[in-house]
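See structure below.
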Amino acid sequence: MSGLIQIFDNKKFVLSNSRISYMMQVNEEGILEHLHFGGAITHPEYFQSQHKRVLRSLSPEFQGMPQFSLYDLPQEYPLFGSSDYRQPALHARNAQGNSIFDLRYKAHRILDSKMPLDGLPSARDGECESLEIELYDELQKLSVFLYYTIYANFEVITRSAKILNQSANSISLEQAMSTCLDLPQQDYELLHFGGSWAREFDAKRHELPYGRFTIESARGTSSAQHHPFMAVLEPGASETWGRVIGTALMYSGNFSITLERNEFKDVRLLAGINPFNFSWQLEAGQTFTCPEVVHVYSGSGLDRMSQNLHGFIQNKVSPQTFAHAARPTYLNTWEAAYFDIDEKKVFELAKYTQSLGLDMLVVDDGWFEGRTDDRRSLGDWTPDKKRFPSGIPALAKKVKDLDLKFGIWVEPEMTNTDSALYREHPDWILHVPGRESSLGRNQLTLDFSRPEVVENIYQQLDELFSCGLIDYVKWDMNRTMTELGSAGHPASRQGEIAHRYMLGVYDLVNRLTQKYPDILFENCASGGNRHDLGMLHYMNQSWVSDMSDPIGRLAIQNGASHIFPLSTYSSYLCPVPNHQNGRITSLETRFNVGFFCGNRGVSMNLEDVAQDESAIKNFIQRYKHTAKDAVNGSFHRIFYTDNEVCWQLISADKQTIYVGYFSILTKPNAAFRSALLRGLDQDALYKKGTKIYSGSALMQAGLDLPLVSTTQNSDASPSRLSDKERVEVLDGGDFVSTIIVLEKS
Ligand code: DGJ
């Protein structure tokens with residue numbers, strides 16, 4: 001690929017495709033100044049810096065350069081300590097004990113590809129160009145290499161940074177961010193997502209305050225509390241209007257994303273490893289690589305941002321073997337049987353899986369040595385001798401003889417005090433000397449900062465997977481980190497443990513997914529406690545939340561859809577009353593919410609299924625017939641309120657449109673609702689049963705949604721509504737829903 005990056009006078013760098021431009025320049029002082037990230041700029045050679053040099057009282061100036069201060073200059077990789085008082089991208093302590101560094105432009109080169117990052121997940125190569133810019137501190141002999149990649153077909157720029165210590169002394173890194181984006185002086189709103197266990201991805205939107213606003217994790221995982229993503233919006237931006245810049249970190253550990261706004265309305269976004277509780281000894285000659293960041297720009301609202309991210313993640317982040325493949329429908333044993341499983345019961349469930357018409361049986365937690373509850377056995381990845389005497393390969397073979405695929409659950413990063421692994425290696429957990437380690441779900445975190453621990457788990461999992469009979473692996477991680485210390489590293493390196501842990505996880509996942517490319521891996525961390533681009537680089541999908549109630553899931557799936565394509569998250573039909581919140585919903589509503597996930601299944605036992613068996617079979621057939629559309633279709637949020645949700649999915653061939661409408665609590669005498677659809681062919685005709693609509697009518701006037709009726713005896717019941725031909729009614733009270741299907745003719 002060529003022509004995506006232009007350089008003018010050896011000092012102005014322009015990364016452009018037909019829709020976006022990212023621009024920067026080396027200014028007179030040699031500082032790399034940020035110029036623009038947004039819509040495509042034509043004739044970039046004439047583009048002028050918007051930074052005004054004026055005397056600001058109380059702002060220090062460079063000697064001999066009156067009115068030049070870094071405090072209000074938009075920069076690409078700023079430092080603290082000369083004249084910029086905002087949060088820096090890099091903060092470090094040198095051999096003299098001070099933290100003053102000074103980075104000036106040194107060199108650059110253009111690459112016609114995307115290079116992988118050292119030991120870290122990164123976006124994939126293809127139809128892109130990359131730019132490397134070296135900034136250098138002459139006194140401290142420190143280089144910072146900034147990496148930028150632009151793709152021909154995505155409104156996306158990826159960035160990362162690598163720090164090289166060329167001095168003879170050790171330097172202590174205290175803050176090494178992946179990116180700095182200094183934005184134009186305007187008002188902004190912020191949109192980010194978070195919550196807690198079973199209510200992940202709740203959308204939070206507010207004005208950018210004066211001062212600093214940070215989302216972060218210090219839990220060791222990217223977390224359910226704050227997902228590593230932030231959108232900066234033009235005030236009032238909607239799904240279809242307004243300029244939006246989204247920033248997603250491709251990292252699964254402690255992160256921070258900070259927005260800072262000073263008295264001049266200069267706005268700085270920093271994203272990277274959380275500097276809190278972090279330090280890194282960078283010895284002479286060593287490099288440190290910061291995780292990658294994806295910046296996405298939309299000039300027309302959140303929908304466009306999501307379309308771009310969805311396409312980018314599916315094509316440039318996800319492992320490509322399964323990225324576009326219809327996913328197998330499955331029965332998962334968890335909500336069907338929890339720990340009460342043995343090979344006989346699993347086989348019974350497998351026969352049931354087959355009779356329901358599903359594609360795969362997944363054995364969740366509870367199959368390995370001694371694992372009869374959540375207090376024991378993590379770390380011992382061999383089948384329980386009493387309950388699974390024939391072993392996993394024999395069980396997998398029997399299941400596969402039923403013409404089913406076979407999947408299995410593991411939680412590789414954990415152990416329990418009651419396990420052979422812990423008894424043999426009590427110092428292999430994250431811990432600090434002299435203190436008891438806190439438990440989370442009765443378990444301890446293995447010290448993945450130590451290569452020998454990673455190697456042990458690799459050997460065990462390799463042994464399990466090598467039978468060649470496993471089609472799917474659910475990789476779980478059910479606690480956050482505490483007593484963050486490692487017996488494998490000296491005192492001076494204890495600030496490195498959380499990041500080294502992540503490098504260990506990525507190493508393990510990378511080796512296993514490379515060795516077993518035909519296994520479909522699903523990421524899970526008590527649901528969505530680590531659903532991020534980092535894990536999705538290695539695994540195609542995530543169990544996005546333990547919340548299996550469809551009404552509880554509406555907000556979660558709606559929030560997650562801002563960033564992730566449907567192909568990356570899973571659902572299953574659960575029993576009622578729901579095990580997480582006790583809610584009773586119809587099978588249809590459970591099906592309809594699950595429909596808007598790329599991976600669909602069931603987690604019910606034989607008795608649960610018996611009540612609705614034929615309906616479940618029908619729904620499973622519908623899941624199977626639409627499996628490709630769920631993975632490859634384009635998804636739009638039509639509206640989302642506290643009481644009503646409407647989603648649209650357009651099949652990849654654009655022939656079929658699915659409109660999901662969900663009503664939470666019924667209101668008497670409700671207003672009529674319609675859905676302004678998106679992404680249709682305006683000249684085409686679309687059929688819904690006997691009705692025909694033009695694409696333009698559906699997008700400009702909308703599709704009528706059914707009126708939700710109250711109880712059978714009320715005035716608004718279907719039998720009382722006068723013109724049933726014209727008014728469609730959704731009967732059934734609370735938690736009702738429908739999927740309307742339109743076919744292009
Ligand atoms: C937490 C996961 O989110 C559940 O789906 C299930 O796999 C349990 N762990 C098993 O322990």
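Quick caveat, the model's predicted, so the values are computed rather than measured. Each ligand, and each atom within it, is numbered from 1 in the order the structure gives.
- For atom 11 (O) of ligand 1, the nearest protein heavy atom (residue, atom name, distance) is D365 OD2, 2.6 Å.
- Counting heavy atoms under 4.0 Å from ligand 1, residue N478 touches it through the side chain alone.
- Residue-level proximity to ligand 1 for S526 is carried by the backbone, the only part with a heavy atom below 4.0 angstrom.
- Residue W409 has at least one nitrogen or oxygen atom sitting less than 3.5 Å from a nitrogen or oxygen atom of ligand 1, judged on distance alone.
- Among the atoms of G527, some N or O lies under 3.5 angstrom from an N or O of ligand 1.
- Against a heavy-atom cut-off of under 4.0 Å, C524 is close to the following atoms of ligand 1: 2 (C), 3 (O).
- For ligand 1, one of its N or O atoms has an N or O atom of D546 under 3.5 Å away.
- Considering backbone and side-chain atoms alike, K474 places an N or O below 3.5 Å from some N or O of ligand 1.
- Screening I620, V362, L361, N605 for a side-chain contact (heavy atoms from CB on, under 4.5 Å) involving L331 leaves a single residue, L361.
- At least one heavy atom of R441 lies less than 4.0 angstrom from ligand 1.
- With ligand atoms numbered from 1 in the order given, ligand 1 contributes 3 (O), 5 (O) to contacts under 4.0 Å with heavy atoms of W543.
- Side-chain polar atoms of D365 and W334 form no donor-acceptor pair below 3.5 angstrom.
- Stacking of R327 on the aromatic ring of F322 is not recorded, the 6.0 Å distance cut-off and the 45° axial limit not both being met.
- For the residue pair W647/N558, the side-chain donor-acceptor check at 3.5 Å is satisfied.
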Requested in this report: Run the numbers on F201 and H227 for ring-ring contact (aromatic ring centres under 6.0 Å, His included), then give the verdict.
Outcome: CA-CA 7 Å; F201 286 104; H227 299 284; 3.5 Å; yes
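- The pair K400-D471 counts as a salt bridge, with a side-chain nitrogen and a carboxylate oxygen less than 4.0 angstrom apart.
- Among protein heavy atoms, the minimum distance from atom 9 (N) of ligand 1 is reached at D476 OD2, 2.7 Å.
- For atom 6 (C) of ligand 1, the closest heavy atom belonging to the protein is D364 OD1, 3.4 Å.
- With respect to the salt-bridge test (charged N to carboxylate O, under 4.0 angstrom), the residues K344 and E348 do not qualify.
- Side chains of S526 and R441: no donor on one and acceptor on the other come within 3.5 Å.
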